[in-house]
Amino acid sequence: MPELPEVETICWRLRHGGHGETALVGRTVMTVHLPDPAVVVGDARLLTDLLTGATVTAVWRRAKWIVVDLARANGATATALIHLKMTGDVHVRAAATAAPRFVRLAADLDDGSVLVFTDPRRFGHVELCVDLDAAFKGLGPEPLDDAFTPLVLRQRLRGRRPIKATLLDQAVVAGLGNIYADESLWLARLHPLTRTEALSDDDVVNLHRSIRHALRASITASKDELAWRYANRGAPSPFQVYDRGGEPCLRCGTSLSTTTVAGRTTVLCPTCQALPAV
Ligand SMILES: [Zn+2]
């Protein structure tokens with residue numbers, strides 16, 4: 001499931017191209033194809049009409065949303081939001097390449113390339129956004145923004161809850177999911193069930209650093225690693241703990257254990273991440 005780094009990487013590709021793909025920003029949409037109209041939340045006809053003839057002026061990310069800013073020839077602007085959910089992916093391919101499977105929305109672009117939204121599980125969706133503030137109301141701070149300091153994290157962690165469940169709450173910090181919660185907690189040597197009120201100031205500083213490190217390390221990952229996170233086909237895992245239950249801890253060699261925390265499969269090192277006595 002794509003989390004902040006995956007969505008950020010996809011946005012970067014849409015802005016800059018690369019890896020055999022062309023950039024989306026600057027392109028004008030010629031024709032929209034909707035093989036699966038259920039991908040659109042709201043009025044699919046209105047979305048198609050607004051996209052057709054519009055030029056993409058920017059692509060950016062908020063939490064796990066892809067935000068696509070559009071300008072029309074008459075000067076009007078619009079914004080489309082894409083959420084990839086479990087298995088969604090968005091990319092621009094050369095028209096000459098074979099059409100991928102599971103296409104839910106495609107758009108022919110003015111340079112002959114094609115914007116494609118694929119999603120085997122069909123949970124992802126696209127919608128028009130008329131009010132960004134309302135759409136993103138309730139989301140916590142972006143963990144890579146300068147404004148996200150250890151003090152801000154400390155304030156957001158107020159309340160008596162286990163730390164992993166707290167990190168998964170998008171109102172606390174935006175963009176973290178199961179993968180990066182586990183990675184961050186392993187880096188910070190914190191047990192996922194540690195109560196937030198038991199965290200020392202040093203723990204919070206350490207956790208803040210660990211969250212950023214896990215996210216940044218992943219954003220600079222290669223396309224192969226991004227593909228791994230979607231397909232998991234035999235390549236070595238790019239992660240420290242996620243999906244590595246039973247393998248040795250990369251820090252101490254103890255066998256990593258798998259458990260369920262906050263309803264999610266959770267991997268941790270029982271030695272490095274001891275649960276503090278209350
Ligand atoms: Zn360990």
Side-chain angles (χ1 to χ4, degrees), residues 1-6 8-9 64 140 143-144 148-154 156-170 172-222 224-278:
M1 182 167 184
E3 299 179 27
L4 187 157
E6 290 77 23
E8 184 65 37
T9 303
K64 302 176 196 172
L144 294 179
F148 182 70
T149 62
L151 186 61
V152 169
L153 178 60
R154 167 108 259 173
R156 313 289 305 186
L157 293 179
R158 284 214 177 107
R160 292 163 174 269
R161 282 194 294 176
I163 184 62
K164 178 166 177 178
T166 307
L167 292 180
L168 291 175
D169 181 349
Q170 299 299 295
V172 173
V173 185
L176 288 183
N178 202 37
I179 297 176
Y180 296 96
D182 277 9
E183 295 288 297
S184 301
L185 291 170
W186 180 82
L187 282 169
R189 300 178 188 236
L190 291 171
H191 192 285
L193 289 174
T194 307
R195 309 288 299 182
T196 51
E197 70 268 27
L199 296 175
S200 68
D201 287 345
D202 281 351
D203 287 336
V204 174
V205 167
N206 197 11
L207 177 61
H208 174 269
R209 186 190 309 125
S210 299
I211 290 169
R212 288 188 172 214
H213 180 87
L215 295 173
R216 286 207 178 107
S218 202
I219 285 171
T220 56
S222 69
D224 288 344
E225 288 177 1
L226 192 69
W228 187 95
R229 287 173 239 167
Y230 279 88
N232 192 4
R233 291 195 191 101
S237 164
F239 298 110
Q240 317 283 332
V241 286
Y242 174 75
D243 203 41
R244 294 192 57 229
E247 295 180 31
C249 171
L250 295 174
R251 201 158 39 207
C252 75
T254 305
S255 180
L256 296 173
S257 60
T258 303
T259 180
T260 301
V261 174
R264 307 293 299 274
T265 300
T266 297
V267 184
L268 69 144
C269 172
T271 302
C272 294
Q273 295 168 267
L275 190 59
V278 179

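Keep in mind that what you see is a predicted model, and the values were worked out from it rather than measured. For ligands, and for the atoms within them, numbers begin at 1 and follow the listed sequence.
- Checked against side-chain hydrogen bond (donor to acceptor under 3.5 Å, both in side chains), Q170 has no partners two or more places apart in sequence or in another chain.
- Among residue pairs with one or both ends in residues 249-261, those qualifying as side chain to side chain donor-acceptor pair (under 3.5 Å) are T254-T271; sequence neighbours excluded.
- Atom CG of residue N178 and atom CD of residue E183 lie 10.5 Å apart, to the nearest 0.5 angstrom.
- Using a 4.5 Å heavy-atom cutoff, the side chains of D169 and R161 are in contact.
- Although no hydrogens or angles enter the test, the distance criterion places no donor-acceptor pair under 3.5 Å between the side chain of Q240 and the main chain of W186.
- Among protein atoms, those of element N, O or S found less than 2.8 Å away from the Zn ion (ligand 1) are C249 SG, C252 SG, C269 SG, C272 SG.
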Please list, one pair per line, the donor and acceptor atoms closer than 3.5 Å that link side chains of residues 198-206 to other protein atoms, with sequence neighbours excluded.
{"unit_1": "S200", "atom_1": "OG", "unit_2": "D202", "atom_2": "N", "d": "3.4"}
{"unit_1": "S200", "atom_1": "OG", "unit_2": "D203", "atom_2": "N", "d": "3.0"}
{"unit_1": "S200", "atom_1": "OG", "unit_2": "D203", "atom_2": "OD2", "d": "3.3"}
{"unit_1": "D201", "atom_1": "OD1", "unit_2": "R154", "atom_2": "NH1", "d": "2.8"}
{"unit_1": "D203", "atom_1": "OD2", "unit_2": "S200", "atom_2": "N", "d": "3.0"}
{"unit_1": "N206", "atom_1": "OD1", "unit_2": "R209", "atom_2": "NH1", "d": "3.4"}
{"unit_1": "N206", "atom_1": "ND2", "unit_2": "A188", "atom_2": "O", "d": "3.4"}

